[in-house]
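Structure in C-alpha cells, see below.
Just so you know, ligand 1 is whichever comes first in the structure, and atom 1 is the first atom listed for that ligand. Both backbone and side-chain heavy atoms feed into the values below; hydrogens, waters and symmetry mates do not. No experiment lies behind these values; they were computed from the predicted model shown.
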Amino acid sequence: MSRMPLPYNPKILELFKHPKNLGKMEDASVSAVAGNPSCGDMITFYLKINDRHVIEKASFESYGCAANIATSSIVTEMVKGLTLEEAWKISWKNVTEAVGGLPSVKFHCGILAVGALKRAIRKYLKQKGLSPSWVQSDLH
Ligand code: FES
C-alpha cells in the first residue's frame, strides 16, 4: 500500500531540495542540538555572533523530514542580522508563515527548528554569563 504524499507547498519543496545554509559551521560562536521525541528527528544549529550580540550568520544540519529542513533553512535566513533578543522572539508560527504554511501534522517540525535556535541562544548567553530579562520571561 502506498502512502499519500503530504500536501507540501512549492516553497517547502524548493527549500527542501535546495536548502540554504546547510552544513556545519567551523567558526561558529555556538552550536546546539535539539531533538524531537515524538518523531526521533534531530537538528544541530550553528550561530556566529559578534560583540554587539548580532547574529552574523547561521547554519544547520538536519536529520529531519522535508518540513524540518525547510523550516530550519528559513530560520537561518530570518535570523541573519538580528540581535539575539530579536531572534529569540521568532515563534514557530512566524516560521510556519514564512514557509507558506505547513500541514498541521508537521507543525512540530517547525517547532523543532525554533527550539534549536533558542537552545543555541540560551547556550551562548550562558557561556558569556549573561541572563537578560527577555530570556527569563520566556519559558518556552
Ligand atoms: Fe520529525 Fe518532521 S517528522 S522533524
Side-chain angles (χ1 to χ4, degrees):
M1 203 178 89
S2 67
R3 284 170 53 196
M4 283 273 288
L6 278 164
Y8 284 133
N9 70 49
K11 187 160 184 184
I12 295 194
L13 294 175
E14 178 57 27
L15 283 164
F16 172 55
K17 281 189 241 160
H18 307 286
K20 298 206 173 106
N21 307 315
L22 177 65
K24 187 174 180 184
M25 191 192 295
E26 298 298 342
D27 61 343
S29 312
V30 69
S31 69
V33 182
N36 186 314
S38 68
C39 64
D41 289 328
M42 296 207 5
I43 156 175
T44 308
F45 221 84
Y46 301 89
L47 297 175
K48 173 93 177 144
I49 300 161
N50 70 19
D51 294 344
R52 289 174 294 117
H53 296 162
V54 172
I55 298 172
E56 291 187 336
K57 58 180 179 170
S59 75
F60 74 101
E61 291 175 297
S62 167
Y63 308 99
C65 65
N68 183 247
I69 290 171
T71 49
S72 303
S73 176
I74 208 115
V75 169
T76 61
E77 292 273 289
M78 287 167 83
V79 298
K80 211 188 286 176
L82 297 186
T83 63
L84 292 178
E85 181 175 0
E86 288 164 343
W88 182 265
K89 290 186 176 145
I90 293 173
S91 71
W92 66 269
K93 284 187 184 146
N94 300 145
V95 172
T96 304
E97 274 165 28
V99 293
L102 280 171
S104 56
V105 293
K106 288 281 162 181
F107 282 171
H108 74 274
C109 316
I111 293 170
L112 178 58
V114 173
L117 167 69
K118 293 204 168 199
R119 197 172 272 223
I121 293 174
R122 224 187 272 120
K123 194 168 155 190
Y124 177 80
L125 292 170
K126 198 170 172 199
Q127 278 172 12
K128 297 279 170 191
L130 301 167
S131 55
S133 56
W134 46 265
V135 167
Q136 289 155 19
S137 59
D138 186 336
L139 298 174
H140 294 100

Open item on the list: At less than 4.0 angstrom from any non-hydrogen atom of Lys106, what atoms of ligand 1 do you find?
Closed with: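 Taking each heavy atom of Lys106 in turn, ligand 1 has 2 (Fe), 3 (S) under 4.0 Å.
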
TODO: Give a yes or no on whether the backbone of Gly23 and the side-chain of Ser59 come within a donor-acceptor separation of less than 3.5 Å.
DONE: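 A pair under 3.5 Å: yes.
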
TODO: Answer yes or no: does atom CZ of Phe107 have more than 12 heavy-atom neighbours from other residues, nucleotides or ligands under 6.0 Å?
DONE: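 Yes, the 6.0 Å shell around CZ holds more than 12 heavy atoms from other groups.
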
Task: Smallest separation among heavy atoms of Asn36 and His108, with atom names - done: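 In terms of heavy atoms, the two residues are closest at ND2-CD2, 3.0 Å.
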
Task: Protein N, O or S within less than 2.8 Å of atom 1 (Fe) of ligand 1, waters excluded - done: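 Listed by chain and number, the nearby protein N, O or S atoms are Cys39 SG, Asp41 OD2.
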
Which pairs would a plain distance check flag for residues 74-84, meaning a side-chain donor or acceptor within less than 3.5 Å of a matching protein atom at least two apart in sequence or in another chain?
unit_1, atom_1, unit_2, atom_2, d
Thr76, OG1, Asn21, ND2, 2.9
Thr76, OG1, Ser73, O, 2.5
Glu77, OE2, Asn21, ND2, 3.2
Thr83, OG1, Glu86, N, 3.1
Thr83, OG1, Glu86, OE1, 3.4

- [ ] Go through the structure and list residues passing side chain to side chain contact (heavy atoms under 4.5 Å, CB included) with Gln127, not counting sequence neighbours.
- [x]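 Side chain to side chain contact (heavy atoms under 4.5 Å, CB included) list for Gln127, sorted by chain: Val30, Lys123, Tyr124.
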
For residues 91-106, which side-chain N or O atoms pair as donor and acceptor with protein atoms under 3.5 Å away, sequence neighbours left out?
unit_1, atom_1, unit_2, atom_2, d
Ser91, OG, Lys93, N, 3.3
Ser91, OG, Asn94, N, 3.1
Ser91, OG, Asn94, OD1, 3.2
Asn94, OD1, Ser91, N, 2.8
Thr96, OG1, Trp92, O, 2.7

